[in-house]
Amino acid sequence: MLLSNEHSPINVNQPSTHHHTITATPAILATNLCKSVGEEPNKISILSELQLKVAAGESVAIVGSSGSGKSTLLGLLAGLDQPSSGSVSVKGAAFSGLDEDARAAIRGKNMGFVFQSFQLLPTMTALENVMLPMQLANQANAKQVALATLEKVGLSARVSHYPKQLSGGEQQRVAIARAFASQPAILFADEPTGNLDLATGERIIELLFDLNHAAGTTLILVTHDMKLAKRCQRSLTLNNGQLSESL
Ligand SMILES: Nc1ncnc2c1ncn2[C@@H]1O[C@H](COP(=O)(O)OP(=O)(O)O)[C@@H](O)[C@H]1O
Ligand SMILES: [Mg+2]
């Protein structure tokens, strides 16, 4: 399997830069990010003037209590949702002003996303779900890569199963395989070990950090798993709509 990413300017051998001033274009830059939902008088502010800079190749954990806005933040960083105000840039290119098709193109080229609720397509098998993003990107060896990735997450015996025939943990691993099969430059995962037993969770964590180390994949992980958060170079806590370094 290819470990380089042709779209990514990442230097594979470059160590973390988070203790230094980051001069290269960040993988992700969020500036004054605000998100509210609903109308007055029931308006809820979820994110409020949030700032985040993630360097290419960095691994960042986002922790915080349930309802603090972690999933909302991840959706905004990946351009799946639009902020009320403020901006998000991916490798220097801002999402603002782009329509859904243009945002989807940036995502398809740069990002993998593991949803908290998996969001597998129910009419497709595990294999077809994993192949789909690669097919949409006209990747030639989609089936081979999908099979190899499903093997890595321990699902070789489940490739022809449909999501409803799979356990929660198995669906989560299909979603993980789908997100990283194409070796995205930036991988977002929303509680990627939330439905896994300890041993399977550890295996998935190893896979995520293998990608980070070998291919320089930027990892942005929402997690309640302190072991996973500690593996990341930085751990940030979301509280009152803003991020701060975890204690
Ligand atoms: N579209 C929406 N409409 C109304 N409330 C929402 C919407 N999306 C999220 N929320 C609320 O915003 C808060 C943050 O949600 P979420 O980002 O899912 O939190 P977390 O992932 O940290 O548990 C929650 O109180 C949730 O109910
Ligand atoms: Mg969530």
Side-chain angles (χ1 to χ4, degrees), residues 28-54 59-90 95-96 98-100 103-104 107 111-121 163 167-180 184 186-197 200-201 204-205 208 218-232 234-247:
I28 293 285
L29 182 65
T31 309
N32 303 329
L33 205 59
C34 294
K35 180 71 179 179
S36 352
V37 293
E39 300 294 326
E40 295 293 0
N42 299 314
K43 196 162 152 182
I44 306 169
S45 169
I46 305 175
L47 304 177
S48 166
E49 302 289 329
L50 178 144
Q51 320 290 346
L52 175 64
K53 180 151 74 173
V54 180
S59 54
V60 177
I62 296 171
V63 301
S65 54
S66 176
S68 60
K70 304 180 299 295
S71 295
T72 302
L73 173 59
L74 227 53
L76 290 170
L77 297 179
L80 292 162
D81 188 10
Q82 288 178 284
S84 305
S85 62
S87 69
V88 174
S89 303
V90 178
F95 277 130
S96 51
L98 300 181
D99 62 15
E100 170 49 28
R103 293 200 306 274
R107 273 201 304 279
M111 299 174 172
F113 200 101
V114 182
F115 294 92
Q116 191 168 11
S117 52
F118 320 134
Q119 307 221 11
L120 301 174
L121 295 172
S167 73
E170 288 168 338
Q171 291 180 47
Q172 183 154 43
R173 284 181 282 157
V174 175
I176 288 166
R178 178 177 63 181
F180 76 54
I186 305 168
L187 184 65
F188 295 97
D190 200 345
E191 306 197 15
T193 58
N195 294 270
L196 305 180
D197 60 77
T200 310
I204 293 301
I205 292 173
L208 290 171
T218 306
L219 296 179
I220 303 181
L221 310 174
V222 165
T223 188
H224 287 294
D225 180 346
M226 279 305 131
K227 212 186 298 177
L228 176 52
K230 287 208 173 77
R231 284 287 297 270
C232 293
R234 278 197 289 161
S235 176
L236 303 174
T237 300
L238 184 56
N239 188 30
N240 287 328
Q242 301 198 332
L243 288 169
S244 54
E245 301 281 336
S246 299
L247 297 173

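Both ligands and their constituent atoms are indexed starting at 1 by order of listing. Heavy-atom basis, side chains included; hydrogens, waters and symmetry copies ignored.
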Legend entry - Single hit among Val114, Thr200, Asn195 for side-chain contact (heavy atoms from CB on, under 4.5 Å) with Arg173: Thr200

Inset, instruction - Taking the side chain as every heavy atom from C-beta outward, state whether Leu77 and Ile186 have any atom pair closer than 4.5 Å. - result: no

Inset, instruction - Check whether any side-chain heavy atom of Phe115 lies under 4.5 Å from a side-chain heavy atom of Leu80, and answer yes or no. - result: yes

Inset, instruction - Applying side-chain contact (heavy atoms from CB on, under 4.5 Å) between Met111 and each of Ile28, Ile220, Leu187, Thr218, report the one that passes. - result: Ile28

Inset, instruction - Give me the protein N, O or S atoms that fall under 2.8 Å of the Mg ion (ligand 2), sorted by chain and residue number. - result: Ser71 OG, Gln116 OE1

Inset, instruction - Evaluate whether atom CD of Glu39 has more than 12 neighbouring non-hydrogen atoms of other residues, nucleotides or ligands under 6.0 angstrom away. - result: no

Inset, instruction - Kindly tell me which protein residues have any non-hydrogen atom under 4.0 angstrom away from an atom of ligand 1, grouped by chain and ordered by number? - result: Val37, Ile46, Ser65, Ser66, Gly67, Ser68, Gly69, Lys70, Ser71, Thr72

Legend entry - Closest non-hydrogen atom pair between Leu120 and Pro163, with its separation: CB-CG, 3.8 Å

Inset, instruction - Look only at the side chain of Gln242 and the backbone of Ser48, and say whether a donor-acceptor pair between them is shorter than 3.5 Å. - result: yes

Inset, instruction - Spell out, as yes or no, whether a donor-acceptor pair under 3.5 Å connects the side chain of Lys43 to the backbone of Ser36. - result: no

Legend entry - Check: Leu236 and Arg234 side chains under 4.5 Å, non-hydrogen atoms: yes

